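No experiment lies behind these values; they were computed from the predicted model shown. The analysis underlying the following values was restricted to heavy atoms, covering all of them including side chains, and did not include hydrogens, waters or symmetry mates. Every number for a ligand or one of its atoms is a count from 1 in the order of the listing.
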Amino acid sequence: MKPTLRWSLSAVSAAALSLGVMAGSAQAAQWKFALEEVDGSVQDAYAEAFKKRIEEKSGGDVTVNIYPYGSLGTSTQLTELVANGALQFANASPGHLGKLIEPIQVFSIPYLLPENDECTKKILGSSDVLYDSLSDEFENQGLKLLTMYPEGEMVWTANKKVTSPEDFENFKIRVMTSPLLVRAYEAFGANPTPMPYSEVYSGLQLGQIDGQVNPIFAIQEMKFYEVQDYMIWAGQQEFTTTVVANADFYDGLSEEHKQLVDSTVDEMVDVIFKTQNQYNQERLEKIKASDNAPEMVHLSDEQRAPFREAAKKVEAKFVEMTGEPGEKVLNALKQEIKTCEQSM
Ligand code: 6CS
């Protein structure tokens, strides 16, 4: 069954307009939180838990309304709606943020993040690089970076068995819209095609693209596995996302409400880490149990080696794109990863 996600720019503007009207009413605070994913996703689990905590702790002073993917717009449009104040909160993933906040693409460099999950959780939850220098870049765009969390290892789905960069020759792989991802999959030998999430299923079904890359829970809930023959683990990338707030909204909150948001965001670090693990494991079992399960291919260390090698070129591209500030971010992040891995 095809997921139905449709909108147009005019629908987005109309929605934004009506959100603006609602935001102006003199009711108890109504906070709007938009997702880049559908109902039942990892981002939805985060937003539902955030909502529950905020509403309970505020004793009814605040209501959080969740807008799943498909109700307002593409990831890029959601970020714009937060920046212009039509929404208070949204997920904004580095995979789609690269044109607006170039250095955040450091999280899209393959084989960079730690292999140790606890280190990934620690770095995304409390990295100085992220919450100091990178958060200033968000601020410049009218966004308050609240948190960043992992959503699971990204797995390739494909209509052919890809085990080497040679297999990627003339292979059209859909990537998210950040420019560095195009560079990454070029370095892997493929033909990368950026497109919004909502167009991926039909793109695969119609043969406009040969494959795509996403965490397992998303491959299951977006039904990509139904129209693909292989799922391929290469260990190249963790899917990461941020939660952003409108900066003026956040700065204008009372101390009490700021504390409410901050403490909830802190509590959620462990919660979402466990949830995404559980979702990815459960959804893999669902895919395996389905009639049209793809063949599961786990690349060996030898097979991964040329992709790891190619990732060095992606680092160089990142530095080329982002200049000295980006290079500083990259080096500082590498140092944080090393320090964490040595302490484990
Ligand atoms: O591939 C994408 O575009 C999307 N993937 C996930 C798992 N979340 C949001 C993102 O937009």
Pair [X] and [Y], ring centroids less than 6.0 Å apart:
X    : Y    : result
F50  : F33  : yes
F273 : Y149 : no
F171 : W156 : no

Indicate, as side chain, backbone, both or neither, the part of [X] found under 4.0 angstrom from ligand 1 when only non-hydrogen atoms are considered.
X    : result
F239 : side chain
E37  : side chain
P215 : side chain

Quick test: of every protein heavy atom, which one is nearest to [atom], and how far off is it to 0.1 Å?
atom                    : result
atom 11 (O) of ligand 1 : H96 NE2, 3.1 Å
atom 2 (C) of ligand 1  : Y197 CD1, 3.2 Å
atom 5 (N) of ligand 1  : N214 OD1, 2.9 Å

Does the side chain of [Y] come within less than 4.5 Å of [X]'s, by heavy atoms?
X    : Y    : value
Y201 : E226 : yes
T242 : N91  : no
I54  : W31  : yes

(message) I want to know if ligand 1 touches Q43 in the polar sense, i.e. an N/O pair below 3.5 angstrom.
(response)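 In this structure, Q43 places no N or O atom under 3.5 Å from an N or O of ligand 1.
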(request) Would you check whether R174 reaches within less than 4.0 Å of ligand 1, judged by its heavy atoms? (result)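 Per 4.0 Å heavy-atom rule, R174 contacts ligand 1.
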Using a strict 4.0 Å cut-off to heavy atoms of [X], name the atoms of ligand 1 that fall inside it.
X    : value
A218 : 7 (C)
S75  : 11 (O)
M176 : 1 (O), 2 (C), 3 (O)

(message) Distance to the ring centre below 6.0 angstrom and angle to the axis at most 45 degrees; does that hold for R283 and Y279?
(response)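 Geometry flag: set, cation within 6.0 Å and 45°.
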(message) For K258, is the NZ atom crowded, meaning more than 12 foreign heavy atoms sit under 6.0 Å from it?
(response) yes
